[in-house]
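Inspection log for the structure reproduced underneath, given as structure tokens.
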Amino acid sequence: MKGLGTIFRRELMAYFATPVAYVFIVIFLVLNGIFTFYVGGFYERAQADLEPFFQFHPWLYMFLIPAISMRLWSEERKAGTLELLLTLPVSLAASVLGKFLAAWVFTAVALAGTFPIWLTVNYLGDPDNTVIVAGYLGSLLMAGGFLAIGSCISALTRNQVIAFVISFVICFAFNLSGFPMVIDVFSAWAPQVIVDTISSFSFLTHFNSILKGVIDIRDLIFFTTLIAFWLYANVLAIEVNKSN
Amino acid sequence: METLIEVTGLSKSFGTLQAVDNVSLTVRRGEVLGFLGPNGAGKSTTMKMITGFLAPSAGRISVAGFDIERDPLAAKARIGYLPEGAPAYGEMTAATFLEFIADIRGLPRATRAERIREVVAQIHLENVLDQRIETLSKGFKRRVGLAQAVLHDPEILIMDEPTDGLDPNQKHEVRSLIQAMAPHKAILISTHILEEVDAVCTRAVIIARGRLIFSGTPRELAARSRYHNAVTAIVASAEAGQASAVLSRLGEVETRELAEETRLTLLSSDGANAATTVQARLREAGVAPRELFIEHGHLDEVFRTITLGARGGEVHRT
């Protein structure tokens, strides 16, 4: 896709052109540390694995990812650069994908910053590093899912705060869709098939199965389909809602 | 000359609002078409459709032979566009922004740096290249927008209020730039500054409430003025009564009091001949006018007459 690389580079540079990137990375790392060592009881468990580290990622991403994605399109709308971007000889699909990939790579950079924790666990014990690699991969995939949701929501409004809040709520729902508080809403009236479908959307379920070190093709398909769906919705959201 | 922009039967509605209603226009290479109209008349919407940002509700747009809906990328590649307000990425410096545009426009790598230098020199951006765009003054922001629009040397240049918010010197510079590029391009500019039409446009169209209500040269536009070919004499206030009596015998006269002077305008005359007659009659009456000249027509008056007329409201007179 022509122009994708250019859009990607510009967007990635935009993160680092402002303090946002550094603030985000620092907060991400600090929170990860707190959750792993204090809440997750990394030492107390006395097990050489990174489960206490990874298990909080869905909850961290739930509010940190919308903070990354909220500006993707809202800002373009607000600053009027959407009109500039969409009158350049680049397809809308290339723009959506380029921006998404930039945000994803940025998240990967933040995630890569957690490597001292991997060094620590290898120093203290003898962990199964393939499980840890699977954990990182699953975490990144899940981040991609949240980002695609956030990017689509950001395309619907010129207000970043609204984009953040709505994305947060949707991410929260995806985290919890296997839990009673979401299931109960549907189980009273919807057929079992729908209830099962909804509970199968749970990020937690798919992520936890990857965390065990088993990369099931169904989990991969789940996350890639989810990303594709939301990015497609993202394209439509801009197409329909351009003049607003 | 080759037609580069061809718009046929263009309409756009937002819900129940008919923003653009059956507009057709063409711009040929070498032409500068001034797109006039009050705020909210549909100028920007029309430009947004020509540049492929908005999809028309009806009608066809052909840009350099490419249909903007069927072949958007080919059409967009041939257009340079300055959207209203000259939007640009604020966190980028002027230099990185222009490099981004050069990259996305696919300027050949070998000549890219040279071309950017050329445009930067032409638009006088040298001193702000390393500043972030959000810190630039309105005038410089506008110039960055202009540089962005002309960077790939497009055949078609579309600018939405290119001089809005600029000081008189900057306005003059932008107009000179447009004039310099005009022979090789088809240029469409929207404005509500009428002096601009006279200064740079070869042709003008007026749009009001979404409809095209005038199309012609700036001269033809001025000819619609009730002041076109009128003769104005400025006389000392003491002699005003006498002069007014003389002129009234020749036709309808409008009088405006200035400080110590009176401005008398004889309407509906035939210019040069009338001027000679007025001069002769005033001399016979012993009145010496301080100034005597032929009016070309007031564009703003024509503009008001045409656009308010289209609204069905009262026509205001100066």
Side-chain angles (χ1 to χ4, degrees), chain A residues 1-24 68 71-99 102-103 106 155 158 160 235-244, chain B residues 12-15 17 19-20 44-45 47-55 57 63 66 68 71-93 96-97 99-107 132-134 141 144-145 148-149 151-152 154 156 158 160:
Chain A
M1 264 195 269
K2 196 179 147 286
L4 191 148
T6 312
I7 300 277
F8 168 79
R9 280 191 298 277
R10 198 210 74 74
E11 196 67 34
L12 194 59
M13 267 164 52
Y15 282 107
F16 292 98
T18 59
V20 174
Y22 307 102
V23 169
F24 178 86
I68 296 181
R71 51 166 290 283
L72 278 176
W73 292 98
S74 305
E75 202 175 37
E76 298 265 358
R77 229 183 243 294
K78 186 152 196 180
T81 44
L82 186 65
E83 192 172 344
L84 178 76
L85 181 62
L86 297 187
T87 50
L88 290 171
V90 187
S91 71
L92 182 51
S95 295
V96 168
L97 203 56
K99 276 170 160 286
F106 174 71
R158 54 179 19 231
Q160 295 196 24
V235 170
L236 291 185
I238 296 166
E239 199 78 70
V240 171
N241 208 11
K242 268 185 216 167
S243 55
N244 194 344
Chain B
K12 177 77 185 176
S13 46
F14 298 106
L17 175 79
V20 176
S44 290
T45 307
M47 290 182 143
K48 282 173 187 178
M49 287 191 281
I50 297 174
T51 52
F53 179 61
L54 293 180
S57 306
V63 173
F66 295 97
I68 191 78
D71 220 342
L73 297 189
K76 285 172 183 176
R78 284 159 181 83
I79 301 175
Y81 179 38
L82 175 69
E84 194 176 1
Y89 294 105
E91 83 283 348
M92 297 178 103
T93 65
T96 52
F97 179 65
E99 275 156 28
F100 163 70
I101 295 291
D103 197 13
I104 212 156
R105 290 277 187 192
L107 263 64
R132 287 152 76 105
I133 293 171
E134 63 197 358
K141 265 186 197 154
V144 170
Q148 164 276 122
L151 194 59
H152 57 302
I156 293 145
I158 298 179
D160 202 347

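Chain A is the first sequence line, chain B the second, and so forth, proteins listed ahead of strands; every chain is numbered from 1.
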Checklist entry - Given a strict heavy-atom distance threshold of 4.5 Å, which part of B:Ile101 is in contact with chain A: side chain, backbone, both, or neither? => result side chain
Checklist entry - Minimum heavy-atom separation for B:Pro87 to A:Ala79, with atom names? => result CB-O, 3.5 Å
Next on the checklist: Under 4.5 Å from any heavy atom of chain A, what part of B:Ala88 do you find: side chain, backbone, both or neither?
Outcome noted: backbone
Next on the checklist: For A:Pro89 versus B:Arg105, what's the shortest heavy-atom pair and its separation?
Outcome noted: CD-NH1, 3.3 Å
Checklist entry - Which answer fits B:Gln148, side chain, backbone, both or neither, if we ask what part of it has an atom under 4.5 Å from a heavy atom of chain A? => result side chain
Checklist entry - What part of B:Arg132 gets closer than 4.5 Å to chain A, counting heavy atoms only: side chain, backbone, both or neither? => result side chain
Item to check | Within-4.5 Å side-chain heavy-atom neighbours: B:Lys76 and A:Leu88 | outcome: no
Checklist entry - Is the shortest side-chain N to carboxylate O distance from A:Arg10 to B:Glu91 below 4.0 Å? => result yes
Checklist outcome for this item: Turns out that what part of A:Glu76 lies under 4.5 Å from chain B's heavy atoms comes down to side chain
Checklist entry - Do the side chains of A:Thr87 and B:Ile79 get nearer than 4.5 Å, heavy atoms only? => result no
Item to check | Distance (rounded to the nearest 0.5 Å) between B:Leu54 CG and A:Glu83 CD | outcome: 7.5 Å
Checklist entry - Do you know which two heavy atoms are closest between B:Asp103 and A:Arg9, and how far apart they sit? => result OD2-NH2, 3.0 Å
Next on the checklist: For B:Phe97 versus A:Leu84, what's the shortest heavy-atom pair and its separation?
Outcome noted: CZ-CD2, 3.7 Å
Item to check | When B:Phe100, B:Tyr89, B:Tyr81 are compared by non-hydrogen pairs under 4.5 Å with chain A, the top option | outcome: B:Tyr89
